[in-house]
Amino acid sequence: LKMGDSFNFLTTRQAGAIDGTEYQLLGTFETFVKDFDDRAMKVTLESAQRLLDTPNQVHSLLVILDETGNTDLVKQQLTDAFRQKNLNLEIITWLQQGLFYRQSVDLLGKIYGIVQFIVAVIFLISIANTINMTVFERMREFGTMMAIGNDRWIISATILFEALILGLLGAFLGILIGSGVAEFVSIFGIHMPPPPQGTSDYTVIIALSPKLLWETFLIATLSTWASALHPAYRAARFPIIQALGYV
């Protein structure tokens with residue numbers, strides 16, 4: 001079919017009559033999903049009712065909102081309005097009928113959680129090695145502190161407090177630098193090929209949500225602090241005599 005071509009839909013009505021109404025192709029459209037494009041067609045409501053042999057009937061009505069966050073609010077308002085008018089209508093939100101979306105979110109959420117865990121473990125191990133070397137390079141300093149009467153828990157608290165300060169500072173600088181890089185990359189975007197079942201390529205930008213930034217901040221801070229637990233424990237229980245002569 002080309003623009004302006006005419007075609008007929010031959011549909012059998014309940015009474016056995018054949019509807020051979022002529023239609024004219026006015027244009028084409030394309031979405032992100034190929035399976036939908038292969039089967040979808042836009043027609044007027046009157047034409048759809050004639051094709052389905054359901055005059056003056058509507059199977060479903062799609063309501064598009066200006067903000068996704070208003071979904072629950074509008075659903076409640078429509079439910080109250082239908083109840084007041086005694087209309088037996090069912091309201092289904094996009095999230096309830098979006099099985100593919102829900103499954104994709106669950107899958108990507110689990111993948112993201114595993115990646116976060118792996119990064120946290122690698123982060124903890126690498127920092128623990130650095131803090132361990134730093135602590136034992138300062139062992140004579142800690143030995144001197146214990147020799148002049150400081151309790152061992154003060155040694156542990158000092159190491160842990162320093163690790164916490166480093167974690168907070170590193171997390172803040174990391175988020176600041178990372179956000180700047182993300183904004184810079186988003187200016188140009190990342191060109192991606194069509195996904196499975198997709199019809200067109202697209203450009204990816206990096207979206208930083210407050211939740212993501214907060215999770216990153218906690219992972220960096222807590223991993224740094226946790227990596228200092230074992231070195232702090234060992235340093236606090238190191239014999240004073242050996243600590244004073246530690247090389």
[atom1] ([X]) with more than 12 external heavy atoms under 6.0 Å:
X: E90; atom1: CD; answer: no
X: Q97; atom1: CD; answer: yes
X: Y233; atom1: OH; answer: no

Side chain to side chain donor-acceptor pair (under 3.5 Å) partners for [X], two or more places apart:
X: T68; result: none
X: D151; result: W153
X: S47; result: T44

For [X], enumerate each residue passing the side-chain contact (heavy atoms from CB on, under 4.5 Å) test, keeping only those at least two apart in sequence or located in another chain.
X: L107; value: I111
X: L45; value: Q49, V58
X: S60; value: none

Can you list every ring-ring contact (aromatic ring centres under 6.0 Å, His included) pair that touches residues 80-99, not counting sequence neighbours?
W94-Y101
Kindly give the heavy-atom pair with the smallest separation between K42 and F29, and that separation in Å.
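Shortest heavy-atom contact: CG-CE2, 3.8 Å.
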Please report the shortest heavy-atom distance between P231 and I159, naming the atom on each side.
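Scanning both residues completely, I find the closest heavy atoms to be O-CD1, 4.4 Å.
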Sort and list the pairs that fulfil side-chain hydrogen bond (donor to acceptor under 3.5 Å, both in side chains) and have at least one residue in [range], not counting sequence neighbours.
range: residues 154-174; answer: R138-E162
range: residues 221-232; answer: none
range: residues 103-112; answer: Y112-Q116

Is there a side-chain contact between L95 and T71 (heavy atoms, below 4.5 Å)?
no
To the nearest 0.5 Å, how far apart are [atom1] in [X] and [atom2] in [Y]?
X: M145; Y: I155; atom1: CE; atom2: CD1; result: 4.0 Å
X: T79; Y: L87; atom1: OG1; atom2: CG; result: 11.5 Å
X: M139; Y: M146; atom1: CE; atom2: CE; result: 7.0 Å
X: E215; Y: L218; atom1: CD; atom2: CG; result: 8.0 Å

Single-linkage hydrophobic cluster, 4.5 Å side-chain cutoff, I91 and L65 together
yes
Tell me whether I219 is reachable from W214 by hopping between hydrophobic residues (I, L, V, M, F, W, Y) whose side-chain heavy atoms are closer than 4.5 Å.
no
Please determine if K75 and D72 form a salt bridge, counting it only when a charged side-chain N lies under 4.0 Å from a carboxylate O.
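Salt bridge between K75 and D72, a charged N being under 4.0 Å from a carboxylate O: no.
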Do Q76 and D80 pair up side chain to side chain, a donor and an acceptor below 3.5 Å, judged on atom types alone?
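Per modelled atom types, Q76 and D80 side chains form a pair under 3.5 Å.
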Side-chain donor-acceptor pairs under 3.5 Å in residues 118-128, sequence neighbours left out?
from	atom 1	to	atom 2	distance (Å)
S126	OG	I122	O	3.0
S126	OG	F123	O	3.0

Which side-chain N or O atoms in residues 164-187 pair as donor and acceptor under 3.5 Å with protein atoms at least two apart or in another chain?
from	atom 1	to	atom 2	distance (Å)
S179	OG	I175	O	2.7
S186	OG	A182	O	2.8
S186	OG	I206	N	3.0
S186	OG	I206	O	3.3

